[in-house]
**Student:** 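Below you'll find the structure I mean.
Only heavy atoms go into these numbers, but all of them, side chains included; no hydrogens, no water, no symmetry mates. A note on names: the letters A, B, ... follow the listed sequences, proteins ahead of strands, and every chain is numbered from 1.
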Amino acid sequence: MAPPKRFPERDEIAAVREEATALEPGTESPEKRRLAGRVMARRGHGKLTFLDLVDRSGRIQLLCDESRVGAIDVNLGDVVGVTGSPARSRRGEPSLAVDALELLSENRSPLPDTFHGLTDPEIRYRKRYLDLLMNEETRETFLLRTRIVTSIRSYLDAEGFIEVETPILQPRYGGAFAHPFVTHSNELDADLYLRIATELYLKRLIVGGLERVYEIGKDFRNEGVSYKHQPEFTMLEWYEAYADYRDTMARIEELLERVALEALGTTTVRFRGHEVDLRRPWARIRFVEALERHELWTRDADELRARLERRGVDTTQDKDWPQLVDHAFSHVVEPELVQPTIVHDYPIELSPFARATDDDPTLTERFEYFAGGMELGNAFTEINDADEQQARFDMQSQHVGGEPGDPDYVEALSYGMPPTGGLGLGIDRLAMLLSGRETIRDVILFPTLRPEAS
RNA sequence: GGGCCGGUAGCUCAGCUGGCAGAGCAGGGGACUUUUAAUCCCAAGGUCGUUGGUUCGAAUCCAACCCGGCCCA
């Protein structure tokens, strides 16, 4: 006979467990509860069988007395629904004394070792369902990730930002320095790029008068993988009309402190062997000063290359000054930014969308913020003048791997864009930091892997 | 892209100085009414990542390749 198609009026295991814990050992409550979940342990004892039932909320022992339930014919991994009463075993284990047990879905494949669990990273990533089933920490990590995103949304929604969706398939890519994935539309007979950022479309919406917009979505970068890089990752970008980068700094500090408290209950996390506290205010340092501290600030490319080489840094991949200074920063400064730090006023060559500072036209109102030795995001006072933006694109075209430019975007700016503060936040990296997971693959449900050999 | 490490039963791992492919858990059969890595008995379970080479003989030695991890770029 086919198993039931539903199991209504279900209670959560965590709640029933709490109820059972309040009882005296060896006693049973008169209340009736219904639980459903997966059988993750079985201890047969003749006409009495102990099962461990697991749902999203937790785990509880089932006491199955054959004289009450009938014969118990379940295997590890079966999905069952039970009715019974909260109880405590003689040894004090919170349990449900079962009156009726229904098999809802049979497990036909042996589960991984119930003691050692599933540890092989390759199987954990390729068959994430098994990882989630076997490893409670994995379930907790992804539930935390969801709370983080929920918290971000509720903050931005309450602040009057509207959530939008912009194209993933784009005729031009831009908004970051990265290699794109290219695909092809048969109908349009045109190559399209998978977006590397949402930046340029979101700012078109600011031109259009939406004033406060954000998008949480996947970006794609056709580049190497590392503990903090995946080809497909999740980014938040927001744009706020009539704000500058100082307003934006205040907002991101407020948001991340709040997200930590809401999702985790504390602002203090352990990450890569460090204790990191996200409480406001964060440290701030100018980009130039951060490099000066290491005697790595110079606008002379040859001199900078020499200083880096002297430190044993391989600069053979760095073609020009912007690449050298970026390398110097990410190699020397970034790893030491363990406590939350805002680095601000970046050189204009590295910042094609940020307005120049008031007192130095070679620097821009841009900041990046770091924690745990890792960049979390990037923000600026947006260029809102079409001519100035075109001049920046022209400047970029002189640099290797510079921003490719986007005439359609410049045209949008020509209609006038309010002064705007914009920001990007790497959701995966934030999830790493708050969960204490040391690799980005552990906070992405299905990370990109090479296809298995057939 | 380079270096190092790994891939043996569904899972966790032994075996690797060449000589019959193993254990625990899971899965199958049986015993057991308070266990919680329950216990006990029985039977079963394999493309030793792939391909080639050396050898009387290869999981084991050699080469290439595939997949993964860590580090470097």
Side-chain angles (χ1 to χ4, degrees), chain A residues 17 20-21 23-28 38-54 58-78 84 87-98 106-136 138 179 222-230 272-273 308-309 311-319 323-324 326-328 330-332 335 373 437-442 446-454:
Chain A
R17 184 186 175 89
T21 305
L23 301 169
E24 290 299 314
T27 65
E28 181 179 328
R38 203 176 278 268
V39 174
M40 293 305 286
R42 185 183 60 182
R43 296 175 292 281
H45 216 293
K47 296 188 166 42
L48 185 65
T49 302
F50 303 90
L51 303 173
D52 283 357
L53 189 70
V54 173
R59 174 184 287 251
I60 196 168
Q61 174 170 270
L62 302 179
L63 286 170
C64 303
D65 185 334
E66 217 178 277
S67 63
R68 246 167 100 164
V69 203
I72 299 303
D73 182 23
V74 292
N75 291 319
L76 279 198
D78 285 348
R88 269 181 93 187
S89 71
R90 287 177 204 166
R91 294 273 176 89
E93 179 72 23
S95 308
L96 188 82
V98 175
E106 184 189 348
N107 172 30
R108 300 206 182 88
S109 303
L111 283 182
D113 190 311
T114 50
F115 181 58
H116 297 94
L118 179 68
T119 60
D120 182 330
E122 186 170 355
I123 305 180
R124 286 183 47 233
Y125 301 142
R126 287 196 199 278
K127 303 187 180 180
R128 183 69 91 182
Y129 52 94
L130 287 180
D131 185 28
L132 287 162
L133 222 47
M134 300 306 298
N135 297 317
E136 195 180 346
T138 302
H179 292 108
N222 204 344
E223 296 178 348
V225 303
S226 78
Y227 79 92
K228 56 183 178 183
H229 294 92
Q230 271 276 296
R272 295 202 155 231
L308 284 168
E309 292 285 348
R311 289 172 162 263
V313 179
D314 175 6
T315 62
T316 51
Q317 304 298 311
D318 304 319
K319 303 286 189 289
Q323 291 193 340
L324 282 161
D326 188 55
H327 192 175
S330 58
H331 191 264
V332 179
R437 294 292 186 151
E438 299 194 349
T439 161
I440 194 167
R441 288 180 301 260
D442 280 346
F446 298 99
T448 305
L449 299 178
R450 278 202 174 80
E452 277 181 295
S454 51

**Student:** Testing the 3.5 Å rule here: is there a donor-acceptor pair between the side chains of A:Thr49 and A:Glu66?
**Tutor:** no

**Student:** As a test of reading the structure: which of B:U12, B:A37, B:A26 is closest to the side chain of A:Leu76, going by heavy atoms?
**Tutor:** B:A26

**Student:** Okay, side chain of A:Asn135, backbone of A:Leu118: is any donor-acceptor separation there less than 3.5 Å?
**Tutor:** yes

**Student:** From the set B:C11, B:C70, B:U36, return the single nucleotide nearest to any side-chain atom of A:Gln61.
**Tutor:** B:U36

**Student:** On a heavy-atom basis, which atom in A:Gly373 and which in A:Lys228 lie closest, and how many Å separate them?
**Tutor:** O-NZ, 4.2 Å

**Student:** Which is true for A:Arg108 with a 4.0 Å heavy-atom rule: it touches a base, it touches only sugar-phosphate, or it touches nothing?
**Tutor:** nothing

**Student:** Go through B:G68, B:U34, B:U36 for me and flag the one nearest to the A:Arg43 side chain.
**Tutor:** B:U36

**Student:** With a 4.0 Å cut-off on heavy atoms, is A:Ser89 in touch with a base, just the backbone sugar-phosphate, or nothing at all?
**Tutor:** base

**Student:** May I ask you to decide whether A:Glu28 forms a salt bridge with A:Arg68, counting only side-chain N to carboxylate O separations under 4.0 Å?
**Tutor:** yes

**Student:** Give A:Arg441 one of three labels, base, sugar-phosphate or nothing, depending on what nucleic acid heavy atoms sit under 4.0 Å from its own.
**Tutor:** sugar-phosphate

**Student:** Base, sugar-phosphate alone, or nothing: which one does A:Gly117 contact when heavy atoms must sit under 4.0 Å apart?
**Tutor:** sugar-phosphate

**Student:** Just compare B:G68, B:G27, B:U12 and give me whichever is closest to any side-chain atom of A:Pro110.
**Tutor:** B:G27

**Student:** What nucleotide among B:U34, B:G10, B:A37 has an atom nearest to a side-chain atom of A:Phe50?
**Tutor:** B:U34

**Student:** On the nucleotide B:U12, are OP1 or OP2 found under 4.0 Å from the side-chain N or O atoms that A:Thr119 carries?
**Tutor:** yes

**Student:** Go through B:G27, B:U33, B:C11 for me and flag the one nearest to the A:Arg42 side chain.
**Tutor:** B:G27

**Student:** When the nearest nucleotide of RNA chain B is assigned to A:Glu93 and to A:Gln317 on a heavy-atom basis, which residue is associated with the more 5' position?
**Tutor:** A:Glu93

**Student:** Please state the P separation for the pair B:A21 and B:G27 - nearest whole angstrom.
**Tutor:** 28 Å

**Student:** In the structure shown, which nucleotide is the Watson-Crick or G-U wobble counterpart of B:A21, with both distances under 3.5 Å?
**Tutor:** none

**Student:** Could you work out the separation of B:C71 and B:G15 based on their P atoms and round it to a whole Å?
**Tutor:** 26 Å

**Student:** Looking across every strand, which nucleic acid part, if any, lies under 4.0 Å from A:Leu130 by heavy atom: base, sugar-phosphate, or nothing?
**Tutor:** nothing

**Student:** At under 4.0 Å, does any side-chain N or O of A:Asn75 touch on OP1 or OP2 of B:G28?
**Tutor:** yes

**Student:** Among the nucleotides B:U34, B:G69, B:C70, which one has an atom lying closest to any side-chain atom of A:Leu449?
**Tutor:** B:G69

**Student:** What are the two closest heavy atoms between A:Leu449 and A:Arg126, and how far apart are they?
**Tutor:** CD1-CG, 3.5 Å

**Student:** Regarding A:Arg126, tell me which of base, sugar-phosphate or nothing describes its non-hydrogen contacts under 4.0 Å with the strands shown.
**Tutor:** sugar-phosphate

**Student:** When you measure from the side chain of A:Asp314, which nucleotide among B:A73, B:U34, B:G28 comes out closest?
**Tutor:** B:A73

**Student:** Side chain of A:His45 only, please: which of B:G68, B:U33, B:G27 is the nearest?
**Tutor:** B:U33

**Student:** When you measure from the side-chain N and O atoms of A:Arg450 to the phosphate of B:G68, is any distance below 4.0 Å, counting only OP1 and OP2?
**Tutor:** yes

**Student:** Looking at every strand, decide which applies to A:Tyr227 at a 4.0 Å heavy-atom threshold: base, sugar-phosphate, or nothing.
**Tutor:** nothing

**Student:** C1' atom, B:C42 versus B:C32: distance in rounded Å?
**Tutor:** 16 Å

**Student:** Nearest to the side chain of A:Pro121, which nucleotide is it out of B:C25, B:C11, B:G69?
**Tutor:** B:G69

**Student:** Do you know which two heavy atoms are closest between A:Pro447 and A:Arg128, and how far apart they sit?
**Tutor:** CD-NH2, 3.9 Å

